[in-house]
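Data first, discussion second: the structure below is written as structure tokens.
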Amino acid sequence: MTDEELEERTQRIADAGRRDVVARLQDALIRQAAGAGLTLDDDELERLAAEAGARADGALWRRALAGAASHELGISLGEAVEHPVVLRAHERVGAPAYVLPARKDQNASSDADGLRIAAIHLGGIEALRVGEDDIELRLSTAGLDVLKRSSGAPIGRLEWGQIESVDLPRGRRGLLPGRRRTFE
């Protein structure tokens with residue numbers, strides 16, 4: 001691959017990743033506004049999404065860029081996360097640093113805290129408002145815990161035997177009718 005081809009591919013991945021981040025943020029903003037009985041016009045939605053994008057963490061950006069690279073390069077999402085082109089695209093969009101969690105030694109004892117993942121509440125927990133972002137999920141040997149990120153206080157737990165399936169929303173790739181978005 002020539003340097004020019006590498007630059008073009010990097011730019012396509014950066015552009016697609018940026019569109020994905022913005023679409024995800026706009027979806028969350030629309031749901032949050034609807035939950036509060038509000039509507040957002042296109043200009044306000046774009047402004048709020050741009051502000052949220054500037055504050056988005058490195059994990060959201062890396063996920064979006066890896067998804068774009070997975071499609072562009074025909075590789076798995078797991079392979080794409082640390083692919084050199086994704087690393088270049090991550091720098092190009094100016095996203096905050098993303099650090100992969102350290103891999104545990106196979107002989108090490110299990111971590112009592114488990115794996116923690118920042119999350120945004122989309123619904124289903126009465127004690128939380130839609131769009132609440134001060135939460136994290138903790139996956140441990142005991143199950144899936146929902147925690148208050150700022151304090152670490154537990155909100156609830158599902159034991160593994162209670163979980164039948166997990167559905168993750170796919171990123172929206174299209175625009176809603178009547179919406180035009182341009183981002184730099």
Side-chain angles (χ1 to χ4, degrees), residues 1-33 40 42-104 111 114-123 130-139 144 146-147 149 166-177 179-184:
M1 177 182 314
T2 68
D3 286 344
E4 185 177 314
E5 291 170 328
L6 178 62
E7 285 303 311
E8 289 173 5
R9 188 167 266 183
T10 300
Q11 189 61 50
R12 282 194 303 270
I13 290 169
D15 292 344
R18 184 178 289 111
R19 286 189 303 271
D20 186 33
V21 166
V22 169
R24 288 171 186 265
L25 292 170
Q26 286 182 335
D27 285 346
L29 289 165
I30 290 168
R31 282 192 304 274
Q32 187 175 7
L40 299 171
D42 289 347
D43 291 338
E44 185 71 2
L45 182 60
E46 285 188 35
R47 184 186 66 74
L48 290 171
E51 289 174 6
R55 293 186 314 269
D57 70 2
L60 174 62
W61 279 101
R62 186 59 64 91
R63 167 57 183 91
L65 294 166
S70 176
H71 178 73
E72 172 83 19
L73 304 173
I75 59 176
S76 74
L77 191 58
E79 293 171 307
V81 168
E82 283 295 305
H83 194 281
V85 175
V86 172
L87 301 178
R88 290 173 60 107
H90 193 105
E91 290 175 10
R92 182 162 296 170
V93 299
Y98 169 74
V99 179
L100 273 175
R103 293 184 186 201
K104 296 180 79 169
D111 182 3
L115 173 65
R116 291 179 178 233
I117 303 167
I120 296 175
H121 182 246
L122 300 177
V130 172
E132 173 72 44
D133 62 358
D134 185 28
I135 60 172
E136 67 182 4
L137 303 177
R138 179 176 60 195
L139 287 77
L144 175 66
V146 179
L147 308 169
R149 187 170 33 194
V166 176
D167 293 324
L168 299 175
R170 299 199 70 180
R172 190 181 71 207
R173 298 286 181 214
L175 299 175
L176 293 173
R179 297 203 188 275
R180 274 185 358 145
R181 295 185 208 139
T182 56
F183 300 94
E184 298 182 26

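Predicted, not measured: the structure shown is a model, and the values here were computed from it. Counting begins at 1 with the first residue of the sequence.
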For a quick test of reading the model, state the closest non-hydrogen atom pair linking [X] to [Y] and the distance between them.
{"X": "V86", "Y": "V81", "result": "CG1-O, 3.9 Å"}
{"X": "L65", "Y": "A14", "result": "CD2-CA, 3.8 Å"}
{"X": "G17", "Y": "A68", "result": "N-CB, 4.0 Å"}
{"X": "Q26", "Y": "A49", "result": "CG-CB, 3.5 Å"}
{"X": "L87", "Y": "R62", "result": "CD2-NH1, 3.3 Å"}
{"X": "A80", "Y": "A69", "result": "CB-CB, 4.0 Å"}

Strictly below 4.0 Å, N to O, side chains only: are [X] and [Y] in salt-bridge contact?
{"X": "R47", "Y": "E51", "answer": "yes"}
{"X": "D15", "Y": "R19", "answer": "no"}
{"X": "R149", "Y": "E132", "answer": "no"}

[Y] side chain reached by [X] side chain, heavy atoms, under 4.5 Å:
{"X": "H121", "Y": "D134", "answer": "no"}
{"X": "L25", "Y": "L60", "answer": "yes"}
{"X": "V146", "Y": "L137", "answer": "yes"}
{"X": "R9", "Y": "L73", "answer": "yes"}
{"X": "L77", "Y": "R63", "answer": "yes"}

Original post:
Is the number of heavy atoms from other residues, nucleotides or ligands within 6.0 Å of CD (E4) greater than 12?
Top reply: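 Result for CD/E4: open.
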
Original post:
Within a radius of less than 6.0 Å around NE2 of H71, do more than 12 heavy atoms belonging to other residues, nucleotides or ligands occur?
Top reply: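 Result for NE2/H71: open.
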
Original post:
Any donor-acceptor pair under 3.5 Å linking the side chain of T10 with the backbone of L6?
Top reply: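 At least one qualifying donor-acceptor pair exists.
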
Subject >> H90 side chain vs P96 backbone, donor-acceptor pair below 3.5 Å >> reply: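 Answer holds: yes.
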
**OP:** Please name all residues satisfying side-chain hydrogen bond (donor to acceptor under 3.5 Å, both in side chains) with E136, sequence neighbours left out, ordered by chain then number.
**Re:**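 So E136 forms a side-chain hydrogen bond (donor to acceptor under 3.5 Å, both in side chains) with R116.
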
Mind checking the [atom1]-[atom2] spacing from [X] to [Y]? Nearest 0.5 Å is all I need.
{"X": "L139", "Y": "I117", "atom1": "CG", "atom2": "CD1", "answer": "5.0 Å"}
{"X": "D20", "Y": "R18", "atom1": "CG", "atom2": "CZ", "answer": "12.0 Å"}
{"X": "Q32", "Y": "D133", "atom1": "CD", "atom2": "CG", "answer": "8.0 Å"}

